Amino acid sequence: DCGAPDGRNFECFLPFGGKLYAATHGNVFEYQGNTSWRSIGAEPHGITQIHAMQVAGGRMLLGTWPQGYVLRYDGQNKWTKLGRIGLPPGPQQCNEINDLTVYNGKLYAGVIPKAELYRYEKEGQWTLLGSLANRSDWAAGNLATWLRLTCLTTFQGRLLHLIPGKAKLSEEELAEKEGVALEGVSSTFKKQKSIKEKSKAESSYNWNTLFLGSSAVADLMADRYSVR
């Protein structure tokens with residue numbers, strides 16, 4: 001048992017500089033040993049949640065909610081804003097930075113509520129690379145329509161990301177959606193077979209291959225089985 005510094009669940013851990021850091025829902029701590037933790041940030045700049053911790057440029061960074069701030073730790077409990085990403089300031093604040101990662105020396109961030117991918121350029125400036133998912137009924141005030149970019153990582157020189165997929169539909173739901181009868185003569189055998197195949201093929205996750213090289217899977221299998 002390493003303790004619970006503010007009684008809330010830990011959201012992130014980050015080993016850095018020979019020390020262990022952790023974030024609960026809105027606070028950041030440095031581990032002191034046994035069950036002891038030292039606070040180094042209590043909801044800095046009015047943030048209320050922390051969902052990502054990363055090291056870039058030799059500094060510790062946080063990805064936060066609801067403003068969408070990326071914060072840099074400058075020591076002595078001081079946190080500096082490296083910009084705000086996601087929706088612009090307004091009455092609805094719902095920007096959550098799901099993940100931060102470094103790729104080719106650049107910092108990238110994935111953000112709720114529009115599954116947006118950003119690249120950090122310099123102090124306070126970010127480039128929006130795109131929204132990697134969409135839905136026609138999206139609304140800032142409707143949580144059920146929010147889109148997430150939950151995981152970023154690098155593999156074989158490429159930047160990869162994972163976004164949650166739609167809930168898997170049953171054969172009956174797919175048939176109703178596409179106006180196909182599973183039984184009887186009102187639908188062709190070909191259509192019925194297509195529905196059955198779709199119901200088996202759909203999954204609860206999606207890989208977006210925007211940054212995946214065409215030979216990545218082949219290279220992986222070749223390495224695994226020592227085939228060239």
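Note that the coordinates shown come from a computational prediction; the quantities given were computed from them, not determined experimentally. Just the heavy atoms: all of them, side chains too, but no hydrogens, waters or symmetry mates, feed the values below.
Using modelled atom types, one finds a donor on one side chain and an acceptor on the other under 3.5 Å when comparing E96 with N98.
Here the closest heavy-atom approach between residue A133 and residue L147 is recorded as O-CD1, 3.5 Å. For the residue pair P5 and T24, the shortest heavy atom distance occurs at CG-CG2, 4.4 Å. In terms of heavy atoms, V70 sits closest to I97 at CG2-CD1, 3.4 Å. Of all the heavy atoms in A42 and N27, the pair that sits closest is CA-OD1, 3.2 Å. Annotation for L152 and G110: closest pair CD1-N, 3.6 Å, computed over non-hydrogen atoms. Contact detail for T153 and T101: the closest heavy-atom pair is CA-OG1, 4.4 Å.
Between atom OH of residue Y108 and atom CG of residue L159 there is a gap of 6.5 Å, rounded to the nearest 0.5 Å. Within the model, atoms CD of E116 and CD1 of I85 stand 8.5 Å from one another, a figure rounded to the nearest 0.5 Å. Considering CZ of R72 and CG of L107, their distance stands at 12.0 Å, rounded to 0.5 Å. Residue I50 holds its CD1 atom at 4.0 Å from CD1 of I47, rounded to the nearest 0.5 Å. Put simply, CE on M60 and NZ on K19 are 9.5 Å apart, with the number rounded to the nearest 0.5 Å. The structure places CG of L14 at 13.0 Å from OH of Y73, a figure rounded to the nearest 0.5 Å.
With contacts defined as side-chain heavy-atom distances shorter than 4.5 Å, the pair H45/Q67 does not qualify. In this structure, the side chains of V28 and M53 come closer than 4.5 Å at one or more pairs of heavy atoms. Proximity of K81 to L71: side-chain heavy atoms (C-beta onward) are separated by under 4.5 Å at one or more points. A heavy-atom distance below 4.5 Å is found between the side chains of L87 and C94. Taking the side chain as every heavy atom from C-beta outward, P44 and Y69 never approach each other to under 4.5 Å.
In the hydrophobic clustering of this structure, L100 does not group with L149; members are Ile, Leu, Val, Met, Phe, Trp, Tyr whose side-chain heavy atoms approach within less than 4.5 Å, directly or through other members. Note on L132: it does not cluster hydrophobically with L128, by side-chain heavy-atom contacts below 4.5 Å among ILVMFWY residues. Neither F10 nor W65 shares a network with the other; the hydrophobic side chains, linked directly or stepwise wherever heavy atoms of I, L, V, M, F, W or Y lie under 4.5 Å apart, form separate groups for each.
Using the six-membered ring where Trp is involved, H25 and H51 have ring planes that are perpendicular, over 60° apart on the 30 and 60° scheme. Using cut-offs of 30° and 60° for the angle between ring planes, the Y118 and W126 rings count as perpendicular. Note: W37 and Y31 have tilted aromatic rings, judged against thresholds of 30 and 60 degrees for the angle between ring planes.
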- Determine, stepwise, if the pair T64 / R84 fulfils side chain to side chain contact (heavy atoms under 4.5 Å, CB included). CA-CA 10 Å; T64 70; R84 172 184 178 139; over 6 Å; no
- Go through the steps to decide whether E123 and L82 satisfy the test side chain to side chain contact (heavy atoms under 4.5 Å, CB included), and finish with yes or no. CA-CA 6 Å; E123 293 288 333; L82 294 187; 3.8 Å; yes
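Put simply, the side chain of S131 gets close to the backbone of K114: a donor and an acceptor are under 3.5 Å apart. At distances below 3.5 Å, at least one donor-acceptor pair connects side-chain atoms of W79 with backbone N or O atoms of I40. In terms of modelled atom types and a separation under 3.5 Å, the side chain of Q54 and the main chain of A109 share no donor-acceptor contact.
Shown here is N34, whose CG atom has no more than 12 heavy atoms of other residues, nucleotides or ligands within 6.0 Å. Atom CG of N9 is surrounded by 12 or fewer heavy atoms from other residues, nucleotides or ligands within 6.0 Å.
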